[in-house]
Number of protein chains: 2
Amino acid sequence: MTKILIVDDEPDILEFLQYNLEKEGFEVSVANDGEEGLIKAHSSVPDLIVLDIMMPRMDGFEVCKELRKDPKFDQTIITFLTAKDEDYSQIAALDLGGDDFITKPVSPRVFTSRIKALLRRKKSSDSNIPDQIIQIADLVIDREKVLVKRGEERIELAKKEFELFCLLVGKPGKVFTREEIFRKVWGTDVIVGNRTIDVHIRKLREKVGSDYIKTIKGIGYKFEF
Amino acid sequence: MTKILIVDDEPDILEFLQYNLEKEGFEVSVANDGEEGLIKAHSSVPDLIVLDIMMPRMDGFEVCKELRKDPKFDQTIITFLTAKDEDYSQIAALDLGGDDFITKPVSPRVFTSRIKALLRRKKSSDSNIPDQIIQIADLVIDREKVLVKRGEERIELAKKEFELFCLLVGKPGKVFTREEIFRKVWGTDVIVGNRTIDVHIRKLREKVGSDYIKTIKGIGYKFEF
DNA sequence: TTAAATATTTAACACTGAGTTAATAAATTT
DNA sequence: AAATTTATTAACTCAGTGTTAAATATTTAA
């Protein structure tokens with residue numbers, strides 16, 4: 001069950017959000033101020049925390065900063081909530097370790113969609129990194145040791161090369177689009193030149209053998225053996 | 001390539017948003033008012049439309065309402081854009097078939113993040129119809145792997161061929177008109193040479209066997225087994 | 001800290017074949 | 001048979017990819 005904690009000092013909003021999230025099947029807990037929020041966060045370790053920014057005593061930014069100190073919350077998504085007319089820097093919020101920034105008022109539909117989108121994003125980025133040793137064809141890929149072997153030969157891959165390779169090998173046969181590769185290997189916000197992926201693919205082929213990585217023209221690349 | 005249409009009557013904002021989205025690699029077109037927006041939307045069928053609300057003659061709400069009448073735009077994301085001090089109901093906007101509501105002024109980073117988030121959301125909800133493997137007759141069609149097999153024989157299809165085949169196979173027996181095929185496979189109703197589909201059908205028949213794809217003269221094509 | 005080494009991105013250009021077009025033949029309908 | 005629609009074929013174009021080298025960025029060593 002996905003656990004969500006909402007921290008807001010306005011009881012009406014709290015109830016509104018709680019109602020809508022529970023309707024979607026989430027396990028929701030609530031807190032009326034930052035300190036209570038911190039305590040409840042520590043006791044339940046939610047999957048996602050919705051933090052109002054403007055709160056008495058301890059505002060959302062402080063709560064976020066506090067939470068991000070504890071590795072326990074590394075996997076926890078934090079999204080800020082702010083009134084439309086409060087003029088906070090969204091960038092600052094995201095730099096503090098927030099994952100999103102929702103403006104009030106917000107419709108139930110938009111709110112729950114956003115929450116779900118965030119959870120989806122997390123889930124998919126989680127499962128991209130199966131932290132185990134993959135054996136496939138004559139290859140051994142050890143994610144933890146950042147090591148690739150073909151037979152007894154050790155293949156040295158650079159970080160990006162390795163991540164790209166892991167992505168492809170993770171789902172043999174599946175065709176990954178360039179967009180998908182950018183998002184999963186480079187992370188969404190990085191813009192890189194048109195030929196970057198090609199170059200990395202080329203280096204990979206050079207190192208691990210060009211038979212494994214296949215181009216599907218107009219679509220993307222896949223690992224195949 | 002992801003196509004985005006921006007409709008706003010303020011040239012400065014138009015330019016600002018266009019610049020930032022193009023920098024991120026999107027294919028951006030712009031319109032200065034609602035009517036022009038509708039026309040451009042119809043000709044290019046964008047993946048996402050950014051609609052300013054306050055515009056002369058035809059406001060964003062009207063444009064949205066108009067667009068939502070046409071099933072051609074079922075897959076198109078619409079996000080509204082409004083100045084912070086204009087006091088529109090976000091809920092009304094969303095009920096009209098909008099997907100998000102962005103408040104000006106907005107930083108480039110936040111703006112592009114939002115756009116990307118929306119596109120991501122669409123994509124993942126698209127694939128809610130899980131990329132399953134279709135088995136029909138002696139054929140296996142694996143969308144994820146972009147792969148068709150007949151018995152043990154692997155059949156290599158080009159992108160358009162594959163998409164065309166998926167469309168037909170998706171509803172066995174249904175007759176697809178040329179117009180329908182253009183819209184769903186080519187993504188526009190821009191008229192491309194009128195023998196193009198025939199050629200693709202021919203190549204498909206050549207590769208997967210000519211018994212499966214049947215011509216209904218004067219109407220279109222269907223998959224049958 | 002700077003310098004050297006390595007990794008990554010950008011840019012420029014070459015290459016390939018998917019997709020389109022056009023021209024002609026065949027099939028179907030009227 | 002004439003008209004209309006579809007099939008076939010081949011030639012052409014250009015978007016998408018491969019390749020290389022040079023420019024940045026990052027990491028490591030001194």
Side-chain angles (χ1 to χ4, degrees), chain A residues 146-148 155-168 175-187 189-222, chain B residues 1-3 22-27 44 146 148 155-168 175-224:
Chain A
V146 191
L147 191 75
V148 176
I155 302 171
E156 305 262 332
L157 295 184
K159 196 166 83 182
K160 280 278 189 303
E161 287 164 14
F162 187 78
E163 282 173 12
L164 174 54
F165 194 49
C166 283
L167 179 69
L168 297 178
V175 178
F176 291 86
T177 65
R178 280 150 187 281
E179 210 187 310
E180 223 172 337
I181 293 172
F182 269 126
R183 196 166 72 233
K184 297 199 172 157
V185 176
W186 273 260
D189 290 327
V190 184
I191 325 116
V192 293
N194 273 347
R195 301 264 65 76
T196 299
I197 286 185
D198 307 54
V199 174
H200 283 269
I201 290 285
R202 187 188 157 274
K203 292 199 171 154
L204 260 182
R205 283 172 170 158
E206 203 173 73
K207 291 182 181 174
V208 305
S210 59
D211 347 303
Y212 293 125
I213 298 164
K214 207 178 160 192
T215 303
I216 312 299
K217 241 190 146 168
I219 308 181
Y221 298 93
K222 69 173 167 180
Chain B
M1 173 79 85
T2 305
K3 287 182 285 186
E22 279 179 349
K23 212 175 56 180
E24 298 289 326
F26 296 111
E27 186 182 325
S44 72
V146 192
V148 176
I155 302 171
E156 305 258 333
L157 296 183
K159 189 181 159 188
K160 280 275 187 311
E161 288 163 14
F162 188 78
E163 284 173 7
L164 175 54
F165 194 49
C166 282
L167 178 69
L168 297 178
V175 178
F176 291 86
T177 65
R178 279 148 190 283
E179 204 191 316
E180 225 172 337
I181 292 173
F182 266 125
R183 200 187 310 143
K184 300 211 168 142
V185 175
W186 273 258
T188 60
D189 47 9
V190 173
I191 309 127
V192 55
N194 59 353
R195 296 268 65 76
T196 299
I197 287 184
D198 307 51
V199 174
H200 283 271
I201 290 285
R202 190 194 153 273
K203 286 186 181 163
L204 259 182
R205 283 172 169 157
E206 199 176 77
K207 290 182 182 176
V208 305
S210 60
D211 349 304
Y212 294 125
I213 298 163
K214 209 176 160 189
T215 303
I216 312 299
K217 237 190 147 161
I219 309 181
Y221 299 92
K222 69 171 168 180
F223 175 89
E224 214 173 41

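Values below: all heavy atoms of this structure, side chains included; hydrogens, waters and symmetry mates excluded. All of these numbers come straight from a predicted model, not from anything done at the bench. Letters A, B, ... are given to chains in the order of the sequence lines, protein chains preceding strands, and every chain is numbered from 1.
Under a cut-off of 6.0 angstrom, the local environment of NZ in A:Lys160 is crowded, with over 12 non-hydrogen atoms contributed by other residues, nucleotides or ligands. Within a 6.0 Å sphere centred on CD of B:Glu156, heavy atoms belonging to other residues, nucleotides or ligands number 12 at most.
Both A:Val199 and A:Lys207 lie close to DNA chain C; mapped to their nearest nucleotides by heavy-atom distance, the more 5′-ward contact belongs to A:Lys207.
Distances shorter than 4.0 Å separate none of the side-chain N or O atoms of B:Arg195 from OP1 or OP2 on C:dA23. Contact check, B:Trp186 against C:dG19: no side-chain N or O comes under 4.0 Å of OP1 or OP2. In terms of phosphate contacts, A:Thr196 brings a side-chain nitrogen or oxygen within less than 4.0 Å of OP1 or OP2 of C:dT10. Taking 4.0 angstrom as the limit, A:His200 places a side-chain polar atom (N or O) nearer than this to OP1 or OP2 of C:dT9. Between A:Arg178 and D:dT17 there is a side-chain polar atom (N or O) within less than 4.0 angstrom of OP1 or OP2.
The salt bridge (charged side-chain N to carboxylate O under 4.0 Å, His left out) test with A:Asp198 singles out one residue from A:Arg178, A:Arg205, A:Lys203, and that residue is A:Arg178.
Rounded to whole angstrom, the span from the CD atom of B:Glu179 across to the C1' atom of D:dT5 amounts to 17 Å. Per the geometry, CD1 belonging to B:Ile181 stands 15 Å off P belonging to C:dG19, to the nearest Å. A:Asp198 has its CG atom 13 Å from the C1' atom of C:dA11, to the nearest Å. Rounded to an integer number of Å, the gap from A:Ile216 CD1 to D:dG18 C1' is 16 Å. As rounded to whole Å, 15 Å separates atom P of D:dG18 from atom NZ of A:Lys203. Computed from coordinates, the A:Ile213 CD1 to D:dT19 P distance equals 12 Å when rounded to whole Å. The nearest whole Å value for the distance from the CG atom in B:Leu204 to the P atom in D:dT8 is 13 Å. One interatomic measurement links the two molecules: CD1 of B:Ile201 to P of D:dA7, which rounds to 8 Å at whole-angstrom precision.
Direction change of the helix axis from one end of the helix from C:dT1-D:dA30 to C:dT30-D:dA1 to the other is 30°, with five pairs defining each end axis (rounded to 10°).
Between C:dG19, D:dT9, D:dG18, one nucleotide has an atom nearer to the side chain of B:Arg202 than all others, and that is D:dT9. Side-chain proximity of B:Tyr221 to the nucleotides D:dT19, C:dT16, D:dA7 is greatest for D:dA7.
Across all their heavy atoms, A:Leu157 and A:Lys207 have their closest contact at CD2-CD, 3.6 Å. Minimum interatomic distance between B:Glu163 and B:Val185 (heavy atoms only, all atoms of both residues): OE1-O, 3.5 Å.
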Verdict with reasoning, B:Tyr212 to B:Phe223, per ring pair (Phe, Tyr, Trp, His ring centres under 6.0 Å): CA-CA 6 Å; B:Tyr212 294 125; B:Phe223 175 89; 5.6 Å; yes
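Using a 4.0 Å heavy-atom distance criterion, B:Lys217 is classed as a base contact.
The OG1 atom of B:Thr215 sits 5.0 Å away from atom OH of B:Tyr221, with the distance rounded to the nearest 0.5 Å.
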